[in-house]
Undergrad: 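Okay, handing you the structure first.
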Amino acid sequence: MTETDPTAPAPPSRKKLLLGTGAAVAIAAVCLVVFVLPAEYGIDPTGAGAALGLTQLSEGGTENIYLKRGQARTNVLFPLEASGEQDRIVLNDLFAEKGVTLPAGAQLQSDRFQIELLPYEGIELKYVLDTGAPMWFSWYADGPVNVDMHSHPFAGGTEATESFVIADLRNQTAVYVAPFNGIHGWYWQNRTLEPVKLLLDASGAFTGSKIFDQTGEHDREFVSPFAVEPAEAAAPPAE
């Protein structure tokens, strides 16, 4: 006769299995409605997608008025090969190569920004640039991010936004020349289920920087690229 091991755990009851399955289905449904539909398709029945900034990039694969405005401009964005932080001599040569000159009295600043984006988290970083002010930048993420590089003038506000790139990317390097006096930068969103680390280096004639997140708009201080420990930064792209 087979004896029952009194130390063996009892199998879960049918009721517990049903409850567990139901909870998993409910969680998946909430994720679909709150995160996936707003981010991927712009469908936001609860309004939570807009509050979390998930709907901002839902039109990334289709033409929109902001992208049409930005791409109609010339001599604004000059794509480059990926590279690390540049010194000022190289920057001046690079600007001259693109036919870009610093406005009178403008001073070059350098900045480093890094962040780890959780699944479906987004962040917006902007620099304050006057008309004609140049900026070199290079950013890299260790996973794919959906990015909207855009700007809007102080006179006209967000209704006058212009987008220059809306795409799924891992990195972007370019020289950018501000077409107007305003704030200029990127909205990045991690649309995967794994955290993504992102690192940006920028140098240019910017006079300020702002962060936009779920809690609102915040001024930020410039961070010297040399003040960040290498171990904290996302790895550069492989050559």
Side-chain angles (χ1 to χ4, degrees), residues 53 76-80 82-96 98 100-117 121-142 145 147-154 158 161-162 164-165 169-190 196-237:
V76 169
L77 189 64
F78 303 90
L80 301 169
S83 60
E85 169 68 14
Q86 304 288 340
D87 63 39
R88 296 197 175 194
I89 295 176
V90 173
L91 279 177
N92 287 330
D93 291 343
L94 190 58
F95 290 155
K98 302 301 180 183
V100 176
T101 57
L102 285 173
Q107 298 292 321
L108 284 178
Q109 304 278 359
S110 292
D111 184 41
R112 171 166 286 181
F113 172 74
Q114 60 181 340
I115 190 171
E116 182 176 72
L117 295 173
E121 183 181 8
I123 193 72
E124 186 168 355
L125 171 71
K126 293 288 182 60
Y127 290 111
V128 179
L129 291 164
D130 292 330
T131 304
M135 171 177 68
W136 168 90
F137 67 85
S138 185
W139 65 262
Y140 169 76
D142 65 1
V145 290
V147 60
D148 181 351
M149 182 180 180
H150 63 285
S151 307
H152 71 73
F154 291 130
T158 56
T161 293
E162 299 185 14
F164 307 99
V165 174
L169 300 174
R170 286 177 179 260
N171 60 79
Q172 182 189 22
T173 302
V175 167
Y176 172 83
V177 182
F180 43 69
N181 183 21
I183 56 176
H184 312 257
W186 307 262
Y187 178 83
W188 296 283
Q189 186 188 51
N190 173 13
V196 172
K197 292 182 180 179
L198 183 145
L199 171 70
L200 165 78
D201 281 321
S203 294
F206 35 74
T207 57
S209 180
K210 297 178 181 290
I211 284 286
F212 298 82
D213 57 22
Q214 286 104 336
T215 63
E217 174 183 341
H218 314 279
D219 291 328
R220 62 177 291 271
E221 299 292 329
F222 299 136
V223 177
S224 168
F226 306 105
V228 180
E229 293 294 330
E232 297 177 9

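Residue numbers start at 1 and run along the sequence shown. If you're wondering where the values come from, they're calculated on a predicted model, not measured in any experiment.
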Undergrad: Specify the closest pair of heavy atoms between V177 and G132, including all atoms of both residues, with the distance to one decimal.
TA: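 In this case the closest contact between V177 and G132 is CG1-O, 3.7 Å.
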Undergrad: What distance do L129 atom CG and Y176 atom OH have between them, rounded to the nearest 0.5 Å?
TA: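 Reported value, rounded in 0.5 Å steps: 7.0 Å.
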Undergrad: Any non-hydrogen side-chain atom of L102 less than 4.5 Å from a side-chain atom of P134?
TA: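 Side chain of L102 against side chain of P134, heavy atoms only: contact under 4.5 Å found.
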Undergrad: Is a side-chain donor or acceptor of D219 paired with a backbone partner of K210 at a separation under 3.5 angstrom?
TA: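 Such a contact is absent between D219 side chain and K210 backbone.
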Undergrad: Measure the CG-CG distance between L117 and D142 for me, rounded to the nearest 0.5 Å.
TA: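 Taking CG in L117 and CG in D142, the distance rounds to 10.0 Å.
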Undergrad: F95: which residues meet the ring pair (Phe, Tyr, Trp, His ring centres under 6.0 Å) condition with it, sequence neighbours left out?
TA: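 Counting only residues at least two positions away or on another chain, F95 forms no ring pair (Phe, Tyr, Trp, His ring centres under 6.0 Å).
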Undergrad: Looking at side-chain heavy atoms only, is the closest gap between T173 and W136 below 4.5 Å?
TA: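 Of all side-chain heavy-atom pairs linking W136 with T173, at least one is under 4.5 Å.
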Undergrad: Which pair of non-hydrogen atoms, one from T131 and one from P179, has the smallest distance, and what is that distance?
TA: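 Answer, listing the atom of T131 first, then P179: CG2-O, 3.9 Å.
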Undergrad: Just so I know, are the side chains of L198 and N190 near enough to count as touching, which here means a heavy-atom distance under 4.5 Å?
TA: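 No; the side chains remain at least 4.5 Å from each other.
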Undergrad: Identify the heavy atoms of L169 and V147 that sit nearest to each other, and give their distance.
TA: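 Looking at all heavy atoms of both residues, the closest pair is CD1-CG1, 3.7 Å.
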Undergrad: Could you please spell out the steps behind the side-chain contact (heavy atoms from CB on, under 4.5 Å) verdict for E124 and I183?
TA: CA-CA 11 Å; E124 186 168 355; I183 56 176; 6.0 Å; no
Undergrad: For the pair W188 and F113, name the ring-plane relationship: parallel under 30°, tilted 30 to 60°, perpendicular over 60°.
TA: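 Aromatic pair W188/F113 classed parallel.
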Undergrad: Report yes if some heavy atom in the side chain of W139 is under 4.5 Å from a heavy atom in the side chain of L125; otherwise report no.
TA: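 W139 vs L125: side chains apart.
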Undergrad: Between S151 and H184, do the side chains contain an N or O donor and an N or O acceptor separated by less than 3.5 Å?
TA: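 Short answer, yes.
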Undergrad: Are any non-hydrogen side-chain atoms of F154 and V128 less than 4.5 angstrom apart?
TA: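 Of all side-chain heavy-atom pairs linking V128 with F154, at least one is under 4.5 Å.
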Undergrad: Could you check whether the rings of Y127 and F206 sit parallel, tilted or perpendicular, using 30° and 60° as the cut-offs?
TA: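 Ring orientation of Y127 relative to F206: parallel.
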Undergrad: Considering non-hydrogen atoms only, spot the tightest contact between A178 and D130 and give its length.
TA: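 Scanning both residues, the minimum pair turns out to be CB-O, 3.3 Å.
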Undergrad: For F212, check ring pair (Phe, Tyr, Trp, His ring centres under 6.0 Å) against everything at least two apart and list the hits.
TA: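 Ring pair (Phe, Tyr, Trp, His ring centres under 6.0 Å) check on F212 returns nothing, list empty.
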Undergrad: Using the rule side-chain hydrogen bond (donor to acceptor under 3.5 Å, both in side chains), only one of R220, Q109, K126 pairs with S209; which is it?
TA: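 Of all the options given, the one that passes is R220.
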